[in-house]
Amino acid sequence: MNEIGYEVDFLPVGDGEKSGDAIAIRWGNLFAEKPEQKVVVIDGGFSASGEALVDHIKKYYKTETVNCLICTHPDNDHVGGLSVVLEKLKVQNLLMHLPWKHTNGISEWFKDGRVTDNSVKEKLKESLESAYNLEQLAIKKGINIIEPFTGLHGFGENLEFRVLGPTKAYYEELLLEFDGTPEVRNFSEASVFGKLMSFGADAITRIRESLDIETLDDSGETSAENNSSVVLLFNIADEYLLFTGDAGIPALGRAVQQLESEKFDFTKLKFVQVPHHGSRRNIGPSLLNRIIGPKLLVERKIKTAFVSAAKDGAPKHPAKKVTNAFRRRGAPIYGTLGKTLRHSKNAPAREGWGNAESLPLYLEVED
């Protein structure tokens with residue numbers, strides 16, 4: 001069999017309510033005696049997830065080579081396991097942002113006149129220690145590091161790989177709001193979007209939904225670090241797969257606008273990662289209408305959606321009103337919830353692996 005195929009594996013990340021991402025992808029002629037394949041890893045969860053990724057790639061992909069390792073953003077539930085992958089596998093390229101290299105002129109934005117560009121740089125290295133250590137390990141091992149901003153593309157035969165966001169300018173705007181940076185001189189000037197400081201401990205109430213009744217809205221806000229997530233589009237054998245990290249509504253809106261400006265055919269988008277483990281702060285109906293399509297009055301499969309959420313992550317991860325919103329638009333949604341999820345085409349069967357059950361349409365959701 002010579003057809004090009006692919007498989008995407010979402011490994012379970014997190015204990016209790018702590019969710020994260022650890023994703024492995026391979027594509028090529030996967031039925032060859034020696035698979036003619038390329039391998040990408042997107043995020044590594046926590047350290048234990050990194051160990052699981054290494055074992056998974058060796059066992060199922062039968063290789064110790066990762067062509068590209070991608071860190072979407074510097075939160076520990078995404079970057080924590082990537083050092084393990086770097087240490088134990090042969091990584092050719094590392095895609096990650098280096099915020100401490102974007103501090104020239106940044107001091108003028110902060111209220112405290114004693115702040116310098118260099119002090120901000122050092123503070124970012126300290127507050128984003130896991131990401132900084134990842135960069136230093138890659139340098140030590142002689143691995144090529146590329147910052148993934150809008151427009152980066154390429155990556156070999158049978159695949160189109162593109163970074164849809166963030167742009168460098170948007171990233172540097174978000175950087176002013178990262179944890180560890182001082183208080184900005186004029187908050188309204190420093191950012192159009194603002195920073196989420198705390199949601200507090202809201203009491204949970206429950207409300208009714210149905211296939212037609214939707215309560216998700218477009219008001220969600222998330223952190224600057226989340227909005228700095230790399231948004232990726234893969235085209236494998238003319239099927240498009242969208243990976244969103246923890247990006248929020250403004251960041252995803254910019255990525256979608258980029259595709260719309262190119263007259264992208266969204267019907268070719270076959271797979272979507274639900275952003276930020278299914279948080280209601282990161283996606284809204286208007287954006288879903290653009291990515292997936294409008295609500296349907298009958299259920300039918302248009303696309304497939306995966307959400308990486310800890311086994312005990314509910315009600316935040318995933319939020320039922322988010323999973324309902326995907327399903328309502330014809331995208332069955334599957335959650336890791338303590339197990340590995342696999343999405344594939346023209347790929348060998350795995351002994352002992354069966355079909356996962358999609359999440360149901362919930363008739364009662366948390367408000």
Side-chain angles (χ1 to χ4, degrees), residues 5-26 30 42-43 45 49 52-53 56 59-60 206-216 239-244 269-280 282-283 285 288 291-293 295-366:
Y6 67 85
E7 52 190 353
V8 180
D9 291 295
F10 275 55
L11 275 66
V13 176
D15 297 315
E17 297 180 354
K18 294 182 179 179
S19 300
D21 281 349
I23 306 166
I25 308 169
R26 71 167 179 157
L30 305 184
I42 303 175
D43 291 331
S49 314
L53 269 171
H56 184 93
K59 180 176 181 179
Y60 293 110
R206 290 174 173 79
I207 49 178
R208 300 287 294 176
E209 280 200 349
S210 68
L211 195 59
D212 188 43
I213 300 172
E214 181 163 76
T215 61
L216 183 69
E239 288 199 0
Y240 288 85
L241 298 84
L242 181 66
F243 296 87
T244 59
L269 187 61
K270 299 301 181 184
F271 176 91
V272 179
Q273 177 191 8
V274 182
H276 198 196
H277 323 300
S279 170
R280 64 189 178 91
N282 290 64
I283 196 73
L288 281 173
I291 296 172
I292 297 176
K295 293 188 295 184
L296 303 170
L297 294 182
V298 293
E299 291 185 279
R300 58 187 175 91
K301 180 176 178 178
I302 297 175
K303 308 180 192 307
T304 297
F306 275 13
V307 58
S308 180
K311 186 176 181 180
D312 299 315
K316 286 175 58 178
H317 298 157
K320 290 177 181 177
K321 61 173 59 182
V322 170
T323 63
N324 276 0
F326 274 83
R327 181 162 183 165
R328 192 176 282 114
R329 288 165 175 78
I333 183 168
Y334 300 82
T336 52
L337 308 179
K339 60 186 180 296
T340 297
L341 291 177
R342 181 191 189 217
H343 175 75
S344 64
K345 178 183 178 181
N346 297 333
R350 292 180 186 165
E351 186 177 354
W353 287 59
N355 294 326
E357 287 189 16
S358 63
L359 299 177
L361 182 78
Y362 297 100
L363 299 180
E364 196 174 67
V365 302
E366 297 83 10

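No experiment lies behind these values; they were computed from the predicted model shown. Only this structure's heavy atoms are used, side chains among them; waters, hydrogens and symmetry mates stay out.
- With sequence neighbours excluded, no residue forms a side chain to side chain donor-acceptor pair (under 3.5 Å) with Tyr362.
- Under the salt bridge (charged side-chain N to carboxylate O under 4.0 Å, His left out) criterion, Glu209 pairs with Arg328, not counting sequence neighbours.
- Other residues, nucleotides and ligands place more than 12 heavy atoms under 6.0 Å from the CD atom of Glu364.
- Annotation: side chain to side chain donor-acceptor pair (under 3.5 Å) contacts of Glu7 (sequence neighbours excluded): Arg26, Arg342, Arg350.
- Below 30°, between 30° and 60°, or above 60°: for Trp353 and Tyr60 the angle between ring planes is above 60°, a perpendicular geometry.
- When the side-chain contact (heavy atoms from CB on, under 4.5 Å) test is applied to Leu363, the partners found at least two apart in sequence or on another chain are Arg208.
- For the atom pair Ile333 CD1 and Asn324 CG, the distance stands at 9.0 Å (nearest 0.5 Å).
- Atoms NE2 and CG, on His56 and Leu11 in that order, are 5.5 Å from each other to the nearest 0.5 Å.
- Contact record, Pro318 with Ala309: CD-CB, 3.7 Å, taken as the closest heavy-atom pair.
- Within the 4.5 Å cutoff, the side chain of Val8 has no heavy atoms near those of the Gln273 side chain.
- Two residues are said to be in side-chain contact when any heavy atoms from C-beta on lie closer than 4.5 Å; Phe326 and Val307 fail this criterion.
- With sequence neighbours left out, the side chain to side chain donor-acceptor pair (under 3.5 Å) criterion links Tyr240 to Asn235.
- In this structure, Ala347 and Leu30 approach most closely via the heavy-atom pair CB-CD1, 3.8 Å.
- Between Asp21 and Val13, the closest side-chain pair of non-hydrogen atoms is not below 4.5 Å.
- A heavy-atom distance below 4.5 Å is not found between the side chains of Ile25 and Leu241.
- Between Lys303 and Leu269 there is a side-chain heavy-atom pair separated by less than 4.5 Å.
- Residues satisfying the side-chain contact (heavy atoms from CB on, under 4.5 Å) test with Thr336, not counting sequence neighbours, are Phe10, Ser308, Leu341.
- Ser19 contributes a side-chain N or O that, together with a main-chain N or O of Ala310, makes up a donor-acceptor pair within less than 3.5 Å.
- A search for salt bridge (charged side-chain N to carboxylate O under 4.0 Å, His left out) contacts involving Lys320 returns Glu366, not counting sequence neighbours.
- Of all heavy-atom pairs between Thr323 and Leu359, the closest is CG2-CD1, 3.8 Å.
- Looking at heavy atoms from C-beta onward, Ile207 lies in side-chain contact with Val365 at the 4.5 angstrom threshold.
- Contact record, Ile302 with Arg329: CD1-O, 3.6 Å, taken as the closest heavy-atom pair.
- A heavy-atom distance below 4.5 Å is found between the side chains of Ser279 and His317.
- Residues Leu216 and Arg280 meet the side-chain proximity criterion, which asks for heavy atoms closer than 4.5 Å.
- Taking the side-chain contact (heavy atoms from CB on, under 4.5 Å) definition, one finds that Asp212 meets it with Ser210, Lys295, Leu297, sequence neighbours left out.
- Residues forming a side chain to side chain donor-acceptor pair (under 3.5 Å) with Lys270 (at least two apart in sequence, or on another chain): none.
- Every residue two or more places apart in sequence or in another chain that forms a side-chain contact (heavy atoms from CB on, under 4.5 Å) with Lys345 is listed here: Tyr6, Glu239.
- The backbone N or O of Pro332 sits nowhere less than 3.5 Å from a side-chain atom of Lys301 that would complete a donor-acceptor pair.
- For Leu288 against Ile283, the heavy-atom pair with the smallest separation is CG-CG1, 3.7 Å.
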